[in-house]
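A quick write-up on the structure given underneath.
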Amino acid sequence: MATEDELRQTRLNKAERLRELGVLPYPNTWRTNPELEEQRRHLVLLAADEEACAKLPLEDELTDDAPHVPLFGRVIAKRGPFLVIRTPHGDAQSLVRPDSLSERDAAVLKLLDLADHVLVEGPAIRTKTGALAVSARRYEHLGKALLPPPAKWHGLKDVEKRYRERYVDLFANPAVAEVFRARTLIVQSLRRFLDAFGFLEVETPLLHSIRGGATAKPFDTHHNALDLDLILRIAPELHLKRLLVGGFDRVYEIGRTFRNEGISTKHNPEFTILEFYMAYATHEDLMDLVVDMIRAVDADVRVRFAGLTGDRTFDLQADWKRVRMREAIADRLQQAGQGEVPETPWTQALSRDAIYDEEAFATACNAIAPKLDPAAQKQLSHCETHGERVFAVFELLVEPDLTAMYRTPNGAQSAPVFITEFPWEVSPLARRNDDDPSYVDRFELFIDGRELSNAFSELNDSDDQAERFESQLRNRERGDDEAMDFDADYIRALSHGMPPAAGFGLGVDRLVMLLCNQPSIRDVLLFPLLRPEAE
RNA sequence: GGGCCAUUAGCUCAAGUGGUAGAGCAGUGGAUUCUUAAUCCAUUGGCUCCAGGUUCGAGUCCUGGAUGGCCCA
């Protein structure tokens, strides 16, 4: 009687006995409506309000005209004569005594299993312990569950099972459901902010014939009728900028993007990206806008989901630093000298002056390389230009210590930081700086040490863009299998004239992780990718 | 891709140095019926992830594999 099959059979037998009583195990005859929904919501919120519950009548103080209220949802616990019913708004309990029910309802109640969906109706009362309960005068079976729910006290803890059976995770662990409600609020809040600034939300293709907008490996697919090889997009960027050419001066898209790469606590093969493009603005303007946007979203989340937003290691109200990439390297060297961050082979061999001296920098890199781990060596060995080396040194030396380097004035929390002035070689779509064309007008935003955003003033010189694409092709010949394709139609679009503009991209999943204190991207994805279960 | 860890009843977890695999919850039968992880009595339930190996004897040790987690890349 206790293997899974036997537990299921026990419940199937009860379903059969329901039929004998003339009750369908899976009925769909009882319908909700806005009024009932509102009554249920109000009831559940009332149940959580101790003071308000104190004003409810006891069972024996009820008057005949006491209004009956509906409570419907999943039964998650039985305690004495009480049922605890879970709803999207929270839990509330019902006092179900057979002698208050019709003979038929009492018979149906006997066939209740935990996790079944039910409806009770009756007056709201105060129990002897001061809690709210719906004193059931009516009981209806609304839906059978054939599998037993997880233990009511411990919930579902097995991480693999939680991801594979998210439907159970969500009803058994209310805190998990809360994260996903917060996620939806965050996306709504982003939309609201951009809509208010006059941005137009658009949808661009997920099926691409060439890869562009990012350097990443794509998923391959195929269209049969056209006999056409396609890839799932790795970024929406080039389509959105075509829309700038078309005259939509402010556009954004929030949508799924696909990169055929490894899975980790920060990476899922499909993830949600926000990109927006704004004509007649620079990357400098976007930094101001982004501070406002993320603070506004955070404010919305904190109001509704205070339980998720406490205890942070970073402070969004702090000044958001703006540091040029080469100065960030210099800061790292200087702080190591002051003992604020660890010494490394780099901090021994590099000097501030060398960062601005191509030859000295290359010499230092070559000297340091043998002291690094194999992956870092590999990354350095792929660098052929000064710019590539600067970027590699930033990633290897600075990025891991950003949280330690840039702090709030009292040092208690990390401050958000914009890293600016990226080398042109690692920025194939960004506009060159007017004063120093070997660098581009670009920034990446790091909060709590995590890369959240990438943005730049847009390259709208079609000849320069064509050269950048050529450079990408040369990288591919050198063995870089993430390099972009040459997008001739995009060059044609730019040739028609794109207004000066700046664009911004944000990993939405990572923003949710950050704002809701979730350590893994899988905790903010309803159905993260897992290997299929074996038969 | 590499390292470490985990996998035992439907769920949550126990089972020195190898010696008959157990508890709570859920389930079943009964009692009780204003409980807050309801309580009380009784009770069912196991291919210990898989495949080999060592051993008189393996949940435990060894080898290989599967899945997941964490860290590194």
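Only this structure's heavy atoms are used, side chains among them; waters, hydrogens and symmetry mates stay out. Numbered from 1 within each chain, the chains take letters A, B, ... in sequence-line order.
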Hey, does [X] reach any base, or is it just sugar-phosphate, or nothing, if we go heavy atoms under 4.0 Å?
{"X": "A:Arg164", "answer": "sugar-phosphate"}
{"X": "A:Pro150", "answer": "sugar-phosphate"}
{"X": "A:Lys157", "answer": "sugar-phosphate"}
{"X": "A:Gly262", "answer": "nothing"}

Of the candidate nucleotides [options], which contains the atom at the shortest distance from the side chain of [X]?
{"X": "A:Pro148", "options": "B:rU35, B:rG69, B:rG10", "answer": "B:rG10"}
{"X": "A:Leu156", "options": "B:rU28, B:rC11, B:rG68", "answer": "B:rC11"}
{"X": "A:Leu114", "options": "B:rU35, B:rG27, B:rC70", "answer": "B:rG27"}
{"X": "A:Leu530", "options": "B:rA26, B:rG69, B:rC11", "answer": "B:rG69"}
{"X": "A:Val159", "options": "B:rU35, B:rA26, B:rG69", "answer": "B:rG69"}
{"X": "A:Arg79", "options": "B:rG69, B:rU35, B:rC34", "answer": "B:rU35"}
{"X": "A:Thr265", "options": "B:rC71, B:rC34, B:rG27", "answer": "B:rC71"}
{"X": "A:Glu6", "options": "B:rG45, B:rG69, B:rU35", "answer": "B:rG45"}
{"X": "A:Ala151", "options": "B:rC25, B:rC13, B:rC71", "answer": "B:rC25"}
{"X": "A:Ser520", "options": "B:rA38, B:rC70, B:rG10", "answer": "B:rC70"}

Next item on the list: Answer yes or no: side-chain N or O of A:Gln93 and base N or O of B:rU35 forming a donor-acceptor pair under 3.5 Å.
Entry: yes

Taking the [atom1] atom of each, how far is [N] from [M], in whole Å?
{"N": "B:rU54", "M": "B:rG16", "atom1": "P", "answer": "25 Å"}
{"N": "B:rA21", "M": "B:rG64", "atom1": "C1'", "answer": "26 Å"}
{"N": "B:rC61", "M": "B:rG2", "atom1": "C1'", "answer": "25 Å"}
{"N": "B:rG24", "M": "B:rU20", "atom1": "C1'", "answer": "23 Å"}
{"N": "B:rG10", "M": "B:rG19", "atom1": "C1'", "answer": "30 Å"}
{"N": "B:rC47", "M": "B:rA58", "atom1": "C1'", "answer": "14 Å"}
{"N": "B:rG69", "M": "B:rG30", "atom1": "C1'", "answer": "44 Å"}

OP1 or OP2 of [N] versus the side-chain N and O atoms of [X]: is any pair under 4.0 Å?
{"X": "A:Arg522", "N": "B:rG69", "answer": "yes"}
{"X": "A:Arg97", "N": "B:rU33", "answer": "no"}
{"X": "A:Lys14", "N": "B:rU28", "answer": "yes"}
{"X": "A:Lys152", "N": "B:rA26", "answer": "yes"}
{"X": "A:Lys161", "N": "B:rC11", "answer": "yes"}

Checklist line | Main-chain N/O of A:Leu515 paired with A:Arg312 side-chain donor or acceptor, under 3.5 Å | finding: yes

Notebook entry, point to check: Any donor-acceptor pair under 3.5 Å linking the side chain of A:Arg74 with the backbone of A:Ala115?
Noted result: yes

Write down the partner of [N] under the Watson-Crick or G-U wobble criteria, each distance required to be under 3.5 Å.
{"N": "B:rG59", "result": "none"}
{"N": "B:rA23", "result": "B:rU12"}
{"N": "B:rC49", "result": "B:rG65"}

Do [X] and [Y] sit within salt-bridge range, that is, some charged N less than 4.0 Å from a carboxylate O?
{"X": "A:Asp113", "Y": "A:Lys144", "answer": "yes"}
{"X": "A:Lys217", "Y": "A:Glu261", "answer": "no"}
{"X": "A:Arg442", "Y": "A:Glu444", "answer": "yes"}

Check: Once the angle between the rings of A:Phe422 and A:Phe391 is folded into 0 to 90°, is it parallel (under 30°), tilted (30 to 60°) or perpendicular (over 60°)?
Finding: tilted

Notebook entry, point to check: Has A:Glu51 got more than 12 heavy atoms of other residues, nucleotides or ligands less than 6.0 Å from its CD?
Noted result: no

Checklist line | 5' precedence on RNA chain B between A:Ala376 and A:Arg531 (nearest-nucleotide basis) | finding: A:Arg531

Next item on the list: Using atom CG of A:Asp113 as one end and atom P of B:rC25 as the other, report the distance to the nearest whole Å.
Entry: 18 Å

